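Working notes, beginning with the structure itself.
Computed from a prediction, not measured in an experiment: that's the story for all the values here. Only heavy atoms go into these numbers, but all of them, side chains included; no hydrogens, no water, no symmetry mates.
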Amino acid sequence: MGFDSGSMSFRRFGVGGEAPSMPDEPTLEKFAEHALKEGAEGVPPDTEWGWIGGRHVLDGEFGFEHNVFNDSFFVGLRVDTNKVPGEIKKAWQFQEEKNFAIQNPSGFASKRQKRDAKDIVRRRIDDALREGRYRRSKLHALLWDMPGATLYGPASSSAFEKMAELFDRTFRLELQPLGSGELASRYLEAAGKRRDYEDLMPTRFVTGPAGEGQPAEYPWTAKGDASKDFLGNEFLVWVWHLAEHKAGAIETKSGTTTVMIDRALDLDCAFATTGRDSLRGDAPARMPEAMDALRSGKVPRKAGLIVDHRGQMFNLNLNAETMAVSSLKLPEIEADTPRTLFEERITMLRDFSGILDGLYIAFLDVRTSGAWENQVSQIRRWILTTARPATAVA
């Protein structure tokens, strides 16, 4: 995921429970205690996972020198799968049945011989797995920002399940995905607006196929009061509108931030009727197809963004519901040593997270105020009145 170099891809998770606020030796020892260890006796399970040092998939070393940077733990989650491919199993079965068949006058294996062949193949599979011949390892880099009580980790649900289980087993701490609904809940509750959060309902930006009375469903988000992840989709609509009308300038508590949509834009129908669009290229939000998508009831689910805050420019892709970030490119950093470079990158990552949260908070302040109705009216007029470019006639 490139925490130490290259672009970064991650999802943020809040660390719940009595966790230390700074890296310490006992925490490092717990990582080592629950490290993934190969070579256990017997047939390994289909899937196994544990901590590793993080520098590479075979890194079994833990120490302050290469696991602690800028008050953060940098480690890895290694997930191993032990499975013989189905085509190989089928080939082995064929070979064993053939060995029996050539002994028979009929040239075919009997039912009993086929069962015996299955037993032979089963033992062959177990032997292959014990030897590690079909072990496949994957490394997920993790960054635990201890002062910020935040873990930066993989975005996939399968990786999160293993990471959360291992985190609880190792530290007795809970990981909470910080999606758009959870972030809104935390901010609004701290601001004394818990009731406002509970009362939030999905916004309908255009008339639905069934008429004015049809509510927007946002079918990909959970229903009820438990989740408000549709706020992430509305956030990107709001950002898009401001990008077109105010050159992307958004006032946040830490100053003006400029946001533009670039390279990628994925939209889906809030009424579950018109499907999904994926637009790629320069300025996809200004493509005629983008406005057509909005008019048909679609809203953004993922967007490529350029974010500029006080001269710091970040390029990234943002998932609206999960707030997962992919392909984040940080501003250029000058450093004398690899350690200094990594620590500066962590500082930049924290800066970016604060800038992204500042943008989202600016949206939530409007969303939970009387100004939202006026904003929605402006967005609806923009969607309905923005015309397609005229097609030249030869």
Side-chain angles (χ1 to χ4, degrees), residues 1-17 19 49 51-52 54 69 72-79 138-168 170-171 173-187 218 220-222 226-236 239 264 266 268 300-305 307 314-330 345-346 348-361 363-364:
M1 280 179 285
F3 291 119
D4 56 342
S5 64
S7 63
M8 300 182 182
S9 296
F10 57 85
R11 188 176 180 185
R12 288 184 295 168
F13 305 89
V15 179
W49 57 92
W51 305 119
I52 58 175
F69 298 87
S72 299
F73 272 117
F74 170 66
V75 296
L77 168 69
R78 175 173 155 182
V79 179
K138 184 174 180 58
L139 165 64
H140 299 282
L142 309 177
L143 188 71
W144 184 1
D145 176 6
M146 303 198 77
T150 302
L151 184 77
Y152 295 82
S156 72
S157 57
S158 60
F160 166 68
E161 290 172 1
K162 296 174 178 61
M163 180 176 65
E165 184 279 331
L166 184 58
F167 210 80
D168 175 66
T170 305
F171 304 110
L173 298 173
E174 181 183 1
L175 294 180
Q176 176 64 52
L178 298 179
S180 54
E182 178 64 21
L183 286 170
S185 174
R186 291 183 174 212
Y187 169 69
Y218 294 75
W220 50 85
T221 61
S227 174
K228 306 285 187 181
D229 286 341
F230 59 83
L231 291 168
N233 307 115
E234 297 182 5
F235 168 64
L236 286 183
V239 166
D266 293 343
D268 208 342
R301 295 195 61 187
K302 187 176 183 179
L305 302 177
V307 178
F314 303 86
N315 291 266
L316 65 139
N317 294 317
L318 180 68
N319 181 290
E321 300 98 64
T322 65
M323 288 293 189
V325 172
S326 59
S327 302
L328 171 64
K329 295 181 181 179
L330 301 175
R345 284 172 62 85
I346 293 174
M348 283 282 190
L349 176 59
R350 288 170 170 160
D351 289 346
F352 166 76
S353 296
I355 292 166
L356 180 61
D357 287 346
L359 288 167
Y360 192 50
I361 286 171
F363 160 74
L364 292 173

Item to check | Derivation and outcome, side-chain contact (heavy atoms from CB on, under 4.5 Å), residues L359 and F235 | outcome: CA-CA 9 Å; L359 288 167; F235 168 64; 4.0 Å; yes
Item to check | Full working for side-chain contact (heavy atoms from CB on, under 4.5 Å) between L178 and M323 | outcome: CA-CA 7 Å; L178 298 179; M323 288 293 189; over 6 Å; no
Checklist entry - Could you go step by step and tell me if F363 and E234 meet the side-chain contact (heavy atoms from CB on, under 4.5 Å) rule? => result CA-CA 9 Å; F363 160 74; E234 297 182 5; 3.8 Å; yes
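The line from CG of L77 to CD1 of I52 is 8.0 Å long, rounded to the nearest 0.5 Å. Distance check, rounded to the nearest 0.5 Å: CE of M163 to NE2 of H140 gives 9.0 Å. A distance of 7.5 Å separates CG in L151 from CG in L143, rounded to the nearest 0.5 Å. If you take CE on M146 and CZ on F73, they are separated by 5.5 Å, rounding to the nearest 0.5 Å. Taking CD1 of I346 as the start and CE of M8 as the end, the distance is 7.5 Å to the nearest 0.5 Å.
No more than 12 heavy atoms of other residues, nucleotides or ligands lie within 6.0 Å of CD in E174, so this atom counts as exposed by the packing criterion.
Looking at every heavy atom in both residues, L231 comes nearest to A184 through CD1-CB, 3.6 Å. Shown here for S327 and S9, the closest heavy-atom pair between the two residues is N-OG, 3.0 Å. Nearest heavy atoms, A320 versus N233: CB-ND2, 3.4 Å. Contact between P154 and L142 at its shortest, heavy atoms only, is CD-CD2, 3.4 Å. The shortest heavy-atom contact between L175 and F160 is O-CZ, 3.9 Å. Across all their heavy atoms, P177 and R11 have their closest contact at CB-NH2, 3.4 Å.
Applying the side chain to side chain contact (heavy atoms under 4.5 Å, CB included) rule to A19 yields the partners V15, W144, L173; only residues at least two apart in sequence or on another chain are considered. Remark: W51 pairs with F31 by the ring pair (Phe, Tyr, Trp, His ring centres under 6.0 Å) rule, at least two apart or across chains. In this view, V325 and F10, L316, L318, L328, F352, L356 satisfy the side chain to side chain contact (heavy atoms under 4.5 Å, CB included) rule, not counting sequence neighbours. Scored by the side chain to side chain donor-acceptor pair (under 3.5 Å) test, E165 finds W49, R169 as partners (sequence neighbours excluded). Residues satisfying the side chain to side chain contact (heavy atoms under 4.5 Å, CB included) test with D357, not counting sequence neighbours, are R12, L183.
For residues 141-163, every residue pair satisfying the salt bridge (Lys or Arg N to Asp or Glu O under 4.0 Å) rule, not counting sequence neighbours, is listed here: D145-R350.
Using a distance-only test at 3.5 Å, with no hydrogens or angles considered, no donor-acceptor pair links the side chain of R301 to the main chain of E321. For the pair S353 (side chain) and L349 (backbone), a donor-acceptor distance under 3.5 Å is present. S7 places no side-chain N or O within 3.5 Å of a backbone atom of K329 that could act as its donor or acceptor partner.
Ring-plane geometry between F69 and F74 is classed as perpendicular, the angle between the planes exceeding 60 degrees on a 0 to 90 degree scale with a lower cut at 30.
For Y152 and S72, the side-chain atoms include no donor-acceptor pair closer than 3.5 Å.
Not less than 6.0 angstrom separates the ring centroid of Y187 from the ring centroid of Y360.
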